[in-house]
Number of protein chains: 2
Amino acid sequence: MGNRHTSLKDLARELKVSISTVSRALKDHPDISREMKEKVKQLALARKYSPNPLAMGLLKQETRMIGVIVPDLVTHFYASIIAGIESFAKEKGYFILLASSNESYEKEKESIENLLKARVEGLIICMSQETRETSHFKSLLAENIPLVFFDRVCLQDQVSSVTADNTDASKKITRHFAEQGYRRIAFISGPEQLNISRERLAGYIAGLESCQLPVDADLIEQCNLSHDSARQAMNRLLNLPNPPDAVFGINDTVAFAAMKEIKRHQLQIPNDMGLVGFTDEFHATVVDPPLTSITHPTYEMGVEAARLFFDQLNSKQSPKTVTLKTRLVVRESSDKAR
Amino acid sequence: MGNRHTSLKDLARELKVSISTVSRALKDHPDISREMKEKVKQLALARKYSPNPLAMGLLKQETRMIGVIVPDLVTHFYASIIAGIESFAKEKGYFILLASSNESYEKEKESIENLLKARVEGLIICMSQETRETSHFKSLLAENIPLVFFDRVCLQDQVSSVTADNTDASKKITRHFAEQGYRRIAFISGPEQLNISRERLAGYIAGLESCQLPVDADLIEQCNLSHDSARQAMNRLLNLPNPPDAVFGINDTVAFAAMKEIKRHQLQIPNDMGLVGFTDEFHATVVDPPLTSITHPTYEMGVEAARLFFDQLNSKQSPKTVTLKTRLVVRESSDKAR
DNA sequence: AATTTTTCCGCAAAGCTTTCCGCAAAGCTT
DNA sequence: AAGCTTTGCGGAAAGCTTTGCGGAAAAATT
């Protein structure tokens, strides 16, 4: 069983020198003679020596692990962000430990505890949609544990975070709809405790107002971001006495659910009903018709989150807020002209 | 900075007892008096003591980490499998360290090395499509490092693996097409070094033969599983003097690419061209028309892979092969009757 | 030739946990 | 009361690495 890996001790024994000599030889310490260095390095290579990260961690009090908590693991949106975090972390020689909250507040807290027990050096988190209360985050701050939020954020003055330009982007969507001739533009939002809901709603309203379109409370629906709940929301919109002629879904899942429901009602997209989402490249092009959307720069969001994390880790700087520019990509789902 | 976490030493000092007493008290060792146990446990709770996994790892020579290597991180297929692995591993108190090969043989080898340096206790791998040579896996076996393959496998007699019932499933697809009245059934395969390509091709052919349909080499295309390459393959099929009336795509990406290409050629699915894929529930229902497919039990595949991993870890058993039953779910893309 | 400097390497501690021994005191037996 | 067992705890080692300090031998100096 046991010892698969070569240790300094093994090398030292074989060369009949002390452990410290081996250690220093490998690090080109000036105290060690050239011949000794070569002998040691050669044997180290032959025995495939690599320092034991556990011992190093114990000594240096660092684990080179980052905890990442996402609402779920399977959505392309999060998967892509994780890929971004991972690539940046790898550059720095860090690994990521993944946990999923399954959109549950309890599991979120539990995951934080587990990751801390595993001695991650800090956390990068996208809050669960259930989370209304922030004391578990505050206690991280109190213990000076590096923390970064992405996409869904809170405590913005105290925690570094990276988000999309939600308000701006939503405003662009509404204006785009208006330019295409849509007049009754609906918005399917998410839980109001989420900043993305609030910000995208604000942009939606600002967009309407800038086009002199009325804000109709009937056209603002809410869902819990699940597929079913989004379908129900869309269904309510379609059953309105005066239904919308365009819908803006707050994210991927919602946009897809809305699309299915619209089709089920035998309505044509984009002619009977315009549809725009807030998704990434991949999903927008796989559906039919291709979805006009604000393309969420997911991979980049991951990279930025990781960058902010290392800023925190290296020097206790004051929290930074990074806002990623998005762009509106017009595809068939909102393009009456075609 | 430094020491955020309470150690046994901290507790011992505060209680003015020895470290070993504290350790034993927490583990209910019979040598320790009831009162002492209570005092210790109470303080441990108050100070939020949790054992340092690095120290434990050093002592027990175990890191409680599993390395997982997938061809990419963002595909729903792999994300879902990873979720399955993760949930089983968490039960056992293990974490997973994720790495992506990006379908590259070199990166696969590199990832293996990195994960071993990080001292994972073993590996769960889905080979990159480039991998033709297996010496890097064999050296894992030689060092007795637990190894499990999923979906794409090799060295089957030496390594535990979990796959879908590829041949059977493919046979079902061909027969289903035949029953629907399709006669010229094409197959877009992947790289031939992958078992999934070979097995699904075998099933496809067996299905044709069992229906007394001829096997036409023109109708068997190959691609490298990328979107573009799959589109090109589909395009070649469509430009055949005698094109197919149905297509079986070897996986998600291929099926979607084929769908786009069919639409681009103004053909109707399922009437002009039947289409069936080998995908999971999610993707099959998000496209239009909904895709008939063999639903790949992805999450379960992850769970099984993890289970096999722990079998290996706990007792050096001989390698097991788990084959997961799939089912054919008929949706619109191959259902002329509707 | 004697002394100082340089060169090269070993010792030991720290970081944290578990566990085998050992040891003292208390309780028991006869 | 003397000798035994039991009870309850402390010491130390092992697992692996880095690094300050001390020390011996070789080289250089006077």
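The basis for the numbers below is simple: all heavy atoms, side chains too, and nothing from hydrogens, waters or symmetry mates. In what follows, every chain begins at residue 1, and chains take the letters A, B, ... in the order their sequences are listed.
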Colleague: For the side chain of A:Arg24, counting heavy atoms from C-beta on, which of D:dC16, C:dG10, C:dT17 is nearest?
Modeller: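 Taking heavy atoms from C-beta onward, the closest nucleotide is C:dG10.
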
Colleague: Would you mind reading off the distance between A:Leu59 atom CG and D:dG15 atom C1', rounded to a whole angstrom?
Modeller: 13 Å

Colleague: Could you pick out which residue, A:Tyr49 or B:Val22, lies toward the 5' side of DNA chain D when each is mapped onto its nearest nucleotide?
Modeller: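 Going by which nucleotide is closer to the 5' end, it is B:Val22.
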
Colleague: If you compare every side-chain N and O of B:Thr21 against the phosphate oxygens of D:dC9 (OP1, OP2), does one of them come in below 4.0 Å?
Modeller: no

Colleague: Looking only at the side chains, is there a donor atom on one of B:Ser128 and B:Glu103 sitting less than 3.5 Å from an acceptor on the other?
Modeller: no

Colleague: Between A:His29 (NE2) and C:dT7 (C1'), how many Å, whole number?
Modeller: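 In whole Å, C:dT7 C1' lies 12 Å from A:His29 NE2.
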
Colleague: Are B:Ser33 and D:dC9 close enough that a side-chain N or O sits under 4.0 Å from OP1 or OP2?
Modeller: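 For D:dC9, OP1/OP2 do have a side-chain N/O of B:Ser33 under 4.0 Å.
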
Colleague: So, B:Ser101 versus B:Ser104: side-chain donor-acceptor pair below 3.5 Å or not?
Modeller: no

Colleague: So which nucleotide does C:dG15 pair with, by the Watson-Crick or G-U wobble rule with both distances under 3.5 Å?
Modeller: D:dC16

Colleague: What is the separation between atom CG on A:Asp28 and atom P on C:dC8, rounded to the nearest whole Å?
Modeller: 13 Å

Colleague: Determine which nucleotide pairs with C:dA2, using a 3.5 Å limit on both distances of a Watson-Crick or G-U wobble pair.
Modeller: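 Because both required distances fall under 3.5 Å, C:dA2 counts as paired with D:dT29.
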
Colleague: Could you work out which one of D:dT19, D:dT18, C:dT19 sits closest to the side chain of B:Lys60?
Modeller: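 Side chain of B:Lys60 sits closest to C:dT19.
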
Colleague: Classify the angle between the aromatic ring planes of A:His296 and A:Phe77 as parallel (below 30°), tilted (30 to 60°) or perpendicular (above 60°).
Modeller: tilted

Colleague: Consider the side chain of A:Ile19, meaning its heavy atoms from C-beta on, and name the nucleotide among D:dT18, D:dC9, C:dT17 that approaches it most closely.
Modeller: D:dT18

Colleague: Mind calculating the distance between CD (B:Glu35) and P (D:dT7) to the nearest angstrom?
Modeller: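 To the nearest whole Å, that distance equals 14 Å.
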
Colleague: Classify the ring geometry between B:Phe310 and B:Tyr94 as parallel (under 30°), tilted (30 to 60°) or perpendicular (over 60°).
Modeller: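 Taking B:Tyr94 first and then B:Phe310, their aromatic rings stand perpendicular (interplane angle over 60°).
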
Colleague: Give none if C:dT30 has no partner; otherwise give the nucleotide forming a Watson-Crick or G-U wobble pair with it, both distances under 3.5 Å.
Modeller: D:dA1

Colleague: Expressed in angstrom and rounded to an integer, what is the separation of A:Leu58 atom CG from C:dA13 atom P?
Modeller: 17 Å

Colleague: Which nucleotide in the list D:dT17, D:dT19, C:dT18 gets nearest to the side chain of B:Lys27?
Modeller: C:dT18

Colleague: Expressed as a whole number of angstroms, how long is the span from A:Met56:CE to C:dC16:C1'?
Modeller: 16 Å

Colleague: Under 3.5 Å for both donor-acceptor distances, Watson-Crick or wobble: does C:dG22 have a partner, and if so which one?
Modeller: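 Its partner is D:dC9 (Watson-Crick or G-U wobble, both distances under 3.5 Å).
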
Colleague: Expressed as a whole number of angstroms, how long is the span from A:Asn52:CG to C:dA14:P?
Modeller: 21 Å

Colleague: Does any donor atom in the side chain of A:Tyr299 or A:Ser87 lie under 3.5 Å from an acceptor atom in the other side chain?
Modeller: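 Looking only at side-chain atoms, A:Ser87 and A:Tyr299 do form a donor-acceptor pair, the distance falling under 3.5 Å.
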
Colleague: Within less than 4.0 Å of OP1 or OP2 of D:dT18, is there a side-chain N or O belonging to A:Ser23?
Modeller: yes

Colleague: Can you check whether B:Lys9 has a side-chain N or O nearer than 4.0 Å to OP1 or OP2 of C:dT17?
Modeller: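 So the side chain of B:Lys9 is outside the cut-off, no N or O lying under 4.0 Å from OP1 or OP2 of C:dT17.
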
Colleague: With a cut-off of less than 4.0 Å, is there a side-chain N or O of B:Gln61 near OP1 or OP2 of D:dC16?
Modeller: yes

Colleague: What is the distance, rounded to the nearest whole Å, between atom CZ of B:Arg34 and atom C1' of D:dC9?
Modeller: 18 Å

Colleague: How do A:Leu8 and B:Asp31 order along DNA chain D: which one's closest nucleotide is nearer the 5' end?
Modeller: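 Per heavy-atom nearest nucleotide, the more 5' residue is B:Asp31.
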
Colleague: Check step by step if side-chain contact (heavy atoms from CB on, under 4.5 Å) holds for B:Glu108 and B:His136.
Modeller: CA-CA 9 Å; B:Glu108 179 174 285; B:His136 52 316; 2.7 Å; yes

